[in-house]
Amino acid sequence: MSITVHIFSKPLRYYSNNFNLALIGERDKILLQQDACYDQARFAATFNKNLYMLETCSIARGISPANLVTLIDDLSWVDLLVASDKSITW
Amino acid sequence: MSITVHIFSKPLRYYSNNFNLALIGERDKILLQQDACYDQARFAATFNKNLYMLETCSIARGISPANLVTLIDDLSWVDLLVASDKSITW
Amino acid sequence: MSQLIISLHCGPDAHDSLQCMNRFVQAALKQNHTIKCIFLYQDAVLHANQHIQLSSDELQVSSIWEQLSSQGIALKLCVTAAEKRGINTQDTGVFTVAGLAEFAMEVCKVDKWVQFR
Amino acid sequence: MSQLIISLHCGPDAHDSLQCMNRFVQAALKQNHTIKCIFLYQDAVLHANQHIQLSSDELQVSSIWEQLSSQGIALKLCVTAAEKRGINTQDTGVFTVAGLAEFAMEVCKVDKWVQFR
Amino acid sequence: MNKKILVISDAAPFDGQRIRESLDMALIFAAIDQEVSWLFTGASVLALTKGTTPSSLGIKDFFKQLKTLEIYDVDNLFVCEHALLEYELSTEQLSVDARILSFELQKSLINEHDHVVTL
Amino acid sequence: MNKKILVISDAAPFDGQRIRESLDMALIFAAIDQEVSWLFTGASVLALTKGTTPSSLGIKDFFKQLKTLEIYDVDNLFVCEHALLEYELSTEQLSVDARILSFELQKSLINEHDHVVTL
């Protein structure tokens, strides 16, 4: 199985039409950037592992990472994408 | 109570975040235009009266009106808005 | 007879919304209502980009505006929204550059405000 | 080291998305990856509108593109998307007018394609 | 003629310039002495949370203007009860004084206004 | 190098030019001899229904090109099962031959491709 990074930039509700938990592979990663950070609680309740959030985006929104959410800096963000097989910007 | 025309141009699901049946007054009207016509069944199941659909928009999409949906031409569309107190384009 | 004002909020790629608005305006004129103005806000200011090029089988977006203008309808665009999006406000064709205040004052004088998004 | 290609899909009003993309590009360069090009598609072609005017306390959208260009990154825009939206394709500043085919061929040569919407 | 204008926002805080454009619309009607109300629904309620510092992203902080709306006579701010629940927000977490409205009360709010604009 | 490209659409049929831009993207990769698949999810499945006549709105009928995709070697069309249910559509109501995929099978589809683009 290849590894896909699923990128979200808006609250989860924005994707209710076309997105479903069943699309996420066992080794896939979830990346929260921009306004998706506001909804980290719901993302964390839906995807209980491999959940990453951009530090710069979350700080600008006054958000500290919830349980299960790994904060990453910009360099680790690049590493995350380069180390995976592909990304989908939902 | 004033009369509001609630205008929809996309399938109902697009509005799940900010819209609720409780916003519609007893004498309010619902107007389906553009791509909202595709979803007339769900609109009709949600709002069981005062439901209007633009004829030109629905014909172009190969849609015939469902039960409870009143088809209107462009002149009646103008009448509908002029006869009401205000409109909201959701 | 009513006084109506229209605001358009979507860019020139939204052919269906533009046609929908145009049909409403034409029907309103037929019913002898007055269209105070059509105001372009948000992405709709991009209709004032003067180089729209579409193949001949596409909806000719600019001719719709020319027709509306020739029918005597005031076509205005929001200067702030335009500047943010890189529109050359010195070259806006049939559209008049206006402030949001001017639009707001007209809204206060009309019977109905209809938005097209 | 990886070869990356970026596509941007949102217009110049989306300051947050632009900054997000820019941060990714800067970090990728720092890690010695190659950015094959940044391709503007859909509403992103509007970044080539040459009259963006923002007050001095706003994000200066055009200086971000100038900086990226001075870093040697190829900035391309889709000609069809641009023509539909009224961009003057004779006057696109730091952006090069390209066809979708040119972009697609480059996509085939890179390791990763990252979209910013 | 004095008109009552209701602005409804539903976009996420950094979704294009939509909150900003709602702000401009609310301020301009207030500036010409109309009665303006502003309803935040959906993800737009997030624009009212404390601790937002867009300057750290290089973006202009227009959110701080939301806190000074009273000065400009936009003193009727409303938030959708459902949206607060959706994002698990309490009024203490909001940077402005706003009245919480159920959908039923939002219906009454709409009813009281002459024009309603969604941005 | 031959690449497998997956285009995912989710916009309603007349939502800007989004279906059209997906079509252009699919066709261009096919034209340069890459393997292209196209997944319709959400409201985009409505673009595949029969009886659409945009010309009656003065709009170019690019939907008819969807029926000729096979000629251009875009022969892998997929539709989301959930989206068909959402709009109460059966395959007989679709104007193209497309395989219906559960979310689980969409995961496998994503897995098989080199690049995925959402438009």
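Numbers restart at 1 for each chain; the letters A, B, ... are given by sequence-line order, proteins then strands. Worth saying up front: this structure is predicted, and the values here are computed from it rather than measured. Scope of the values below: all heavy atoms of this structure, side chains included, with no hydrogens, waters or symmetry mates.
Side-chain contact between Val45(E) and Tyr38(A): absent, with no pair of heavy atoms (C-beta onward) separated by less than 4.5 Å. Taking 4.5 Å as the limit, every side-chain heavy atom of Asp35(A) sits out of range of all side-chain heavy atoms of Leu46(E).
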Give the C-alpha distance, both sets of side-chain angles, the deciding distance and a yes or no for side-chain contact (heavy atoms from CB on, under 4.5 Å) between Leu57(E) and Gln34(A). CA-CA 10 Å; Leu57(E) 299 169; Gln34(A) 303 174 256; over 6 Å; no

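Separation of atoms CZ (Arg61(A)) and CZ (Phe63(E)) is listed at 8.0 Å; rounding is to 0.5 Å.
More than 12 heavy atoms of other residues, nucleotides or ligands lie within 6.0 Å of CG in Asp73(A), so this atom counts as buried by the packing criterion. The number of heavy-atom neighbours closer than 6.0 Å to CD of Glu112(E), taken from other residues, nucleotides and ligands shown, is above 12.
For the pair Arg42(A) (side chain) and Tyr87(E) (backbone), a donor-acceptor distance under 3.5 Å is absent. The main-chain N or O of Ala12(E) is found under 3.5 Å from a side-chain atom of Tyr14(A) such that the two form a donor-acceptor pair.
In this structure, the portion of Thr49(E) lying under 4.5 Å from any heavy atom of chain A is its side chain and not its backbone.
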